[in-house]
Amino acid sequence: MLLMSLKRNWWKVLAIVLVLYTVVAGLLVPVPRLDIVNESIRNLYFHVPMWFGMTIILTTSVYYSIRYLRTPTARLDTLAHESAKTGIVMGMLGLATGSMWARYTWGAWWTSDPRLNGAAIAMLIYGAYIVLRSSFTDEQQRARISAVYNIFAFAAAIPLLFVLPRLTDSLHPGAGGNPGFSNYDLDSNMRMVFYPAVIGWTLIGFWITQVSSRLEFLKQKMYEKQLA
């Protein structure tokens, strides 16, 4: 029985191992000695992987929304909604860790930087998604309009996060000619932690989504039993 459970949930074990490895190695593995950034570069193991995880999970949410519009079911609506909520949580954590990093490298918690402002706007767009869902009482109408808005939100967020910041000058690595993920700020030692961190935080995000979705399915079943 235990063996079967481990085979079914191997990815959860992997998620825990990778995140623990990220935390421990992230504090102990040597990092490049860069001016200004100094030891704060270790935040790369948390801030950036959370954004990677957010993007992957929000992509999953859009996938379920598209499927819902083609084949409307309560299950697909729930999966899209719960995935979006997890993506928003990871996005907010990404903003928080990024703000902390900015405080120690740029001297302020927030600056008028294209990528920071774009990320904040993207989170506000997704925040409106949550508000929109709560404004409908009819379940089918709520699910249909939420699916359409979710697709719009994703289409707006991706350029704000990954396209527009690269077209302007920015303090943020990887934008405006400022290199990111190069030998300058990501050496071989850091890559051994960074890539497992991306996988680990993404799997944790999917795990959170799975748990929240199951809870929502249980609520729906209990509600259906009360009506029966």
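Put simply, the residue from E216, K219, Q220 that forms a side chain to side chain donor-acceptor pair (under 3.5 Å) with T78 is Q220.
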Stepwise side chain to side chain contact (heavy atoms under 4.5 Å, CB included) test for L79 and Y68: CA-CA 10 Å; L79 290 172; Y68 175 85; over 6 Å; no
Worked verdict on I208 versus V89 for side chain to side chain contact (heavy atoms under 4.5 Å, CB included): CA-CA 10 Å; I208 294 172; V89 170; 5.9 Å; no
Audit row: Y21, M192, side chain to side chain contact (heavy atoms under 4.5 Å, CB included) steps and yes/no: CA-CA 10 Å; Y21 167 73; M192 293 294 292; 4.2 Å; yes
Test side chain to side chain contact (heavy atoms under 4.5 Å, CB included) applied to Q210 and K12, step by step: CA-CA 11 Å; Q210 185 190 66; K12 297 178 182 178; 2.8 Å; yes
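With sequence neighbours left out, I125 forms a side-chain contact (heavy atoms from CB on, under 4.5 Å) with I121, Y149, F152, A153, A156, L160. Partners of R42 by salt bridge (Lys or Arg N to Asp or Glu O under 4.0 Å), not counting sequence neighbours, listed by chain and number: E39. With sequence neighbours excluded, no residue forms a ring pair (Phe, Tyr, Trp, His ring centres under 6.0 Å) with Y64. Residues satisfying the side-chain contact (heavy atoms from CB on, under 4.5 Å) criterion with T209, sequence neighbours excluded, are I57, E82, S83, T86, S213. Taking R133 as the reference, D77 meet the salt bridge (Lys or Arg N to Asp or Glu O under 4.0 Å) condition, with sequence neighbours excluded.
Rounded to the nearest 0.5 Å, atoms OH (Y126) and CE (M54) are 8.0 Å apart. The structure places CZ of F194 at 10.5 Å from CD1 of I199, a figure rounded to the nearest 0.5 Å. Atom CD1 in I151 sits 4.5 Å away from atom CD1 in I66 (nearest 0.5 Å).
For the pair H81 and I130, the minimum side-chain heavy-atom distance is below 4.5 Å. Counting heavy atoms from C-beta outward, W110 and L95 have side chains that approach closer than 4.5 Å. Proximity of F46 to L93: side-chain heavy atoms (C-beta onward) are nowhere separated by under 4.5 Å. You'll find the side chain of M50 stays beyond 4.5 Å of the side chain of T202, heavy atoms only. Proximity of V31 to Y45: side-chain heavy atoms (C-beta onward) are separated by under 4.5 Å at one or more points.
Pairing each heavy atom of F52 with each of V198, the nearest pair is CB-CG1, 3.9 Å. Between P49 and L44 the shortest heavy-atom distance is CD-O, 2.9 Å. Summarising the geometry of V193 relative to G26, their closest heavy-atom pair is CG1-N, 4.1 Å, with the distance given to 0.1 Å. Between Y129 and S146, the shortest heavy-atom distance links the atoms CE1-O, 3.4 Å. Between S65 and N150, the shortest heavy-atom distance links the atoms OG-ND2, 2.8 Å. L203 and A15 get closest at one heavy-atom pair: CB-CB, 3.6 Å.
Taking hydrophobic clusters as Ile, Leu, Val, Met, Phe, Trp and Tyr residues chained together by side-chain heavy-atom distances below 4.5 Å, L69 shares a cluster with L132. Note on W51: it does not cluster hydrophobically with W109, by side-chain heavy-atom contacts below 4.5 Å among ILVMFWY residues. Clustering ILVMFWY residues whenever any of their side-chain heavy atoms sit less than 4.5 angstrom apart, transitively, puts V211 in the very cluster that holds I56. Under the 4.5 Å side-chain heavy-atom criterion for ILVMFWY residues, no single connected hydrophobic cluster contains both I16 and V24. By the rule that hydrophobic residues join a cluster once side-chain heavy atoms approach within less than 4.5 Å of another member, L124 and L161 end up as members of separate clusters.
A donor-acceptor pair is defined here as one N or O able to donate and one able to accept, closer than 3.5 Å; such a pair exists between the side chain of S134 and the backbone of V131. Within the 3.5 Å criterion, the main-chain N or O of T97 finds a donor-acceptor partner in the side chain of N43.
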Distance-only donor-acceptor pairs under 3.5 Å for side chains of residues 137-145, two or more places apart:
from: D138; atom 1: OD2; to: Q140; atom 2: N; distance (Å): 3.3
from: D138; atom 1: OD2; to: Q141; atom 2: N; distance (Å): 2.7

